[in-house]
**Q** 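Structure in structure tokens, see below.
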Amino acid sequence: MSGGLVLSRAEARRLLVMAQGLGGNWKLPAGTEGAAQVVERLGYVQIDTIAVIERAHHHVIWTRFPGYAAGYLDDLLSRDRRVFEYWAHAAAYLPMRDYRFYLPRIRYYAQEHRARHWLAENHTLAKKVLARIAAEGPLGTADFEDQGEGRGPWWDWKPAKRALEYLFWTGKLMISRRRNFQRLYDLSERVLPAGLDTSLPRADESAGCVARRALQSLGLTTAKQKDEGLSDARRVARALAELREAGEAVAVQIEGLEKEAFFAAKPLLSAPRPRRRQLHLLSPFDNLVIDRRRTAAFFGFDYRIECYTPAPKRQYGYFTLPILWGDELVGRLDPKAERREGVFRVKALALEPGFRADEAFYPALAARLRAFAAYHGCSEVLVDESRPAGARAALRRALRA
């Protein structure tokens, strides 16, 4: 692609940050509606179980919507039915309006995946699980635990759990709500809102959904952008070309990444720059950084989560949060919310080599840490250590100011 618009790496980062709602450019309504709009704009929010701080799905929404409370997402799932749970690149909360675009994946699990064969071989168990849920309402795995004499082998927890999961994958069951973070399954027809379009999308419709969602949520995409298996690169490339012809997308080159053909969301190219730099503490599963290759290519930031790495081999900490300052990733910190003590602890702060903090950086970091601590019910922020060593003292001074 020659002769088109050329963006610097910094300009490309600005598009990504603004499309992700991290540039102070999103105006969201209060309450559950604001949370719903975050999920719909991002396209998905990944679910995670690690709870050293607030779980990732809540953290991701709070980062973009400071008025967010954890109960909002529960309400959107169980009461409003604005989101549903299913597999994207991982387990995720997804906009209910996009449900039909996941039907091809559901059909795959029902017709070709090992789930189909297992359910066929264990059809008696599957039938009993469905019958209990139909009669009793939403149930979780704990409701199928072996309770001893009289229950019988069909209610052994492990096969019942597998039946629930495979019935979920194949579309017979959906997650109705969560109880203490445990899934409660119900019949899909009792979860899907009345009037929802559940028609199987055509291949070109699926490709269009992938293309539009990538442009909306990232501001910048290629036909090879991760699409969660909802379409294929050839059809997505065609959909992007059609969006360019319609004036919704612009073909661009990015300095240093000339081998890739990119498309940018046209409205974002002319959007005003943020008035001031925003500082965010991102979840390891935040939509901006979840694609580690994209994070390295655009931000020059080599990031990995180390909670699965043995402690002696960790470089930065158990669950480090990337620090976004404006349109740059400038460091990471390893947090722990000690809720009983009311302390939010920064076990380690590491700034990127070559980063030089200006006078605005530490006050912005301190303000964000205080807000994040308050979100966790903590009134005090403590900083244990840092790289470079002077960063600890600078942050402590800013926290006291």
Side-chain angles (χ1 to χ4, degrees), residues 21-22 24 35 38 45-74 180-181 277-289 301 303-309 311 314-326 329-352 355 357 360-401:
L22 297 169
V38 172
V45 173
Q46 183 170 331
I47 300 170
D48 191 63
T49 60
I50 296 174
V52 64
I53 58 172
E54 184 59 90
R55 289 187 170 97
H57 39 285
H58 298 307
H59 182 178
V60 167
I61 299 176
W62 178 86
T63 298
R64 294 155 174 84
F65 181 34
Y68 173 77
Y72 292 172
L73 194 51
D74 296 333
N180 298 325
F181 197 60
R277 284 175 293 181
Q278 304 282 317
L279 190 142
H280 296 288
L281 305 174
L282 302 180
S283 166
F285 304 103
D286 193 278
N287 300 48
L288 184 69
V289 296
F301 191 74
Y303 177 69
R304 60 177 294 183
I305 186 171
E306 296 183 288
C307 56
Y308 308 112
T309 301
R314 291 176 192 150
Q315 290 184 297
Y316 298 104
Y318 177 78
F319 196 70
T320 57
L321 311 182
I323 303 170
L324 179 68
W325 177 223
L329 291 169
V330 301
R332 63 203 89 195
L333 60 83
D334 187 28
K336 184 178 181 182
E338 299 172 353
R339 297 170 176 85
R340 287 187 179 180
E341 296 80 11
V343 171
F344 191 89
R345 186 176 299 278
V346 179
K347 296 162 64 179
L349 166 67
L351 301 179
E352 287 292 277
F355 172 65
F361 174 71
Y362 286 109
L365 178 56
R368 180 55 59 175
L369 277 169
R370 284 193 293 265
F372 201 38
Y375 178 60
H376 287 80
C378 299
S379 58
E380 185 178 12
V381 178
L382 298 180
V383 184
D384 291 346
E385 60 181 61
S386 70
R387 283 186 276 170
R392 176 190 179 193
L395 178 55
R396 283 180 164 182
R397 284 194 297 270
L399 286 165
R400 289 195 300 267

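In what follows, residues are counted from 1 in the order of the sequence shown. As the structure is a prediction and not an experimental result, all values here were calculated from the model.
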**Q** Would you compute the distance between atom CG of Leu22 and atom CG of Leu279 and round it to the nearest 0.5 angstrom?
**A** 11.0 Å

**Q** Let me confirm one number: the CZ-CZ distance from Arg392 to Arg397, rounded to the nearest 0.5 Å.
**A**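 Atom-to-atom, Arg392:CZ and Arg397:CZ are 12.0 Å apart.
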
**Q** Indicate the atoms forming the closest heavy-atom contact of Thr309 with Arg314, along with that distance.
**A**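 Distance-wise, the nearest heavy atoms are O-NE, 2.9 Å.
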
**Q** When rounded to the nearest 0.5 angstrom, what is the spacing between NE2 in His376 and NZ in Lys336?
**A** 13.0 Å

**Q** With a 4.5 Å heavy-atom cut-off, do Tyr375 and His59 have their side chains touching?
**A** no

**Q** Please identify each residue that fulfils salt bridge (Lys or Arg N to Asp or Glu O under 4.0 Å) with Glu338, with sequence neighbours left out.
**A** Arg345

**Q** For the CG atom of Leu324 and the CZ atom of Arg368, what is their distance to the nearest 0.5 Å?
**A**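 Taking CG in Leu324 and CZ in Arg368, the distance rounds to 10.0 Å.
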
**Q** Taking the six-membered ring for Trp, are His57 and Phe285 closer than 6.0 Å centroid to centroid?
**A**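 Aromatic pair excluded; centres sit 6.0 Å or further apart.
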
**Q** What pairs meet the ring pair (Phe, Tyr, Trp, His ring centres under 6.0 Å) rule with one or both residues in residues 382-401, with sequence neighbours excluded?
**A**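 Listed once each, the pairs would be none.
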
**Q** Can you see which heavy atom on Arg55 is nearest to which on Asp48, and at what distance?
**A**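 That closest heavy-atom pairing would be CD-O, 3.3 Å.
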
**Q** Say you draw a straight line from CD1 of Ile323 to CG of Leu369; how long is it, rounded to the nearest 0.5 Å?
**A** 8.0 Å

**Q** Among all residues two or more places apart in sequence or in another chain, which pass the salt bridge (Lys or Arg N to Asp or Glu O under 4.0 Å) test with Asp74?
**A**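 Asp74: no salt bridge (Lys or Arg N to Asp or Glu O under 4.0 Å) contacts found.
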
**Q** On a heavy-atom basis, which atom in Gln315 and which in Glu306 lie closest, and how many Å separate them?
**A** N-OE2, 2.7 Å

**Q** I want to check something: taking the side chain as every heavy atom from C-beta on, are Asp286 and Arg64 in contact at a cut-off of under 4.5 Å?
**A** yes

**Q** In Å and rounded to the nearest 0.5 Å, what is the CD1 to CZ distance from Ile50 to Phe319?
**A** 5.0 Å

**Q** Do Pro335 and Leu321 have side-chain heavy atoms sitting under 4.5 Å apart?
**A**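 Pro335 vs Leu321: side chains touch.
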
**Q** Which class fits the ring pair Phe355 and Phe361: parallel under 30°, tilted 30 to 60°, perpendicular over 60°?
**A**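 Taking Phe361 first and then Phe355, their aromatic rings stand perpendicular (interplane angle over 60°).
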
**Q** Which residue pairs pass the ring pair (Phe, Tyr, Trp, His ring centres under 6.0 Å) test when at least one of the two sits in residues 379-401, sequence neighbours left out?
**A**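 Sorted pair list comes back empty.
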
**Q** Which residues pass the salt bridge (Lys or Arg N to Asp or Glu O under 4.0 Å) test with Arg370, sequence neighbours left out?
**A**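 For Arg370, no residue satisfies salt bridge (Lys or Arg N to Asp or Glu O under 4.0 Å) once neighbours in sequence are set aside.
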
**Q** I'd like to know whether Arg332 forms a side-chain contact (heavy atoms from CB on, under 4.5 Å) with Tyr303, so could you lay out the CA-CA distance, the side-chain angles of the two residues, the decisive distance to 0.1 Å, and finally the verdict.
**A** CA-CA 9 Å; Arg332 63 203 89 195; Tyr303 177 69; 3.8 Å; yes

**Q** On a heavy-atom basis, which atom in Leu382 and which in Glu380 lie closest, and how many Å separate them?
**A**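 Scanning both residues completely, I find the closest heavy atoms to be CD2-OE2, 3.3 Å.
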
**Q** Asp334: which residues meet the salt bridge (Lys or Arg N to Asp or Glu O under 4.0 Å) condition with it, sequence neighbours left out?
**A** Lys347

**Q** Would you name the heavy atoms of Gly67 and Tyr72 that are closest together and state the gap between them?
**A**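 Gly67 and Tyr72 have their closest heavy atoms at O-CE1, 3.6 Å.
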
**Q** Give the minimum heavy-atom separation between Trp325 and Ala364, together with the two atoms involved.
**A** CZ3-CB, 3.6 Å

**Q** Looking at Arg339, I want to see if its CZ is surrounded by more than 12 non-hydrogen atoms of other residues, nucleotides or ligands under 6.0 Å.
**A** yes

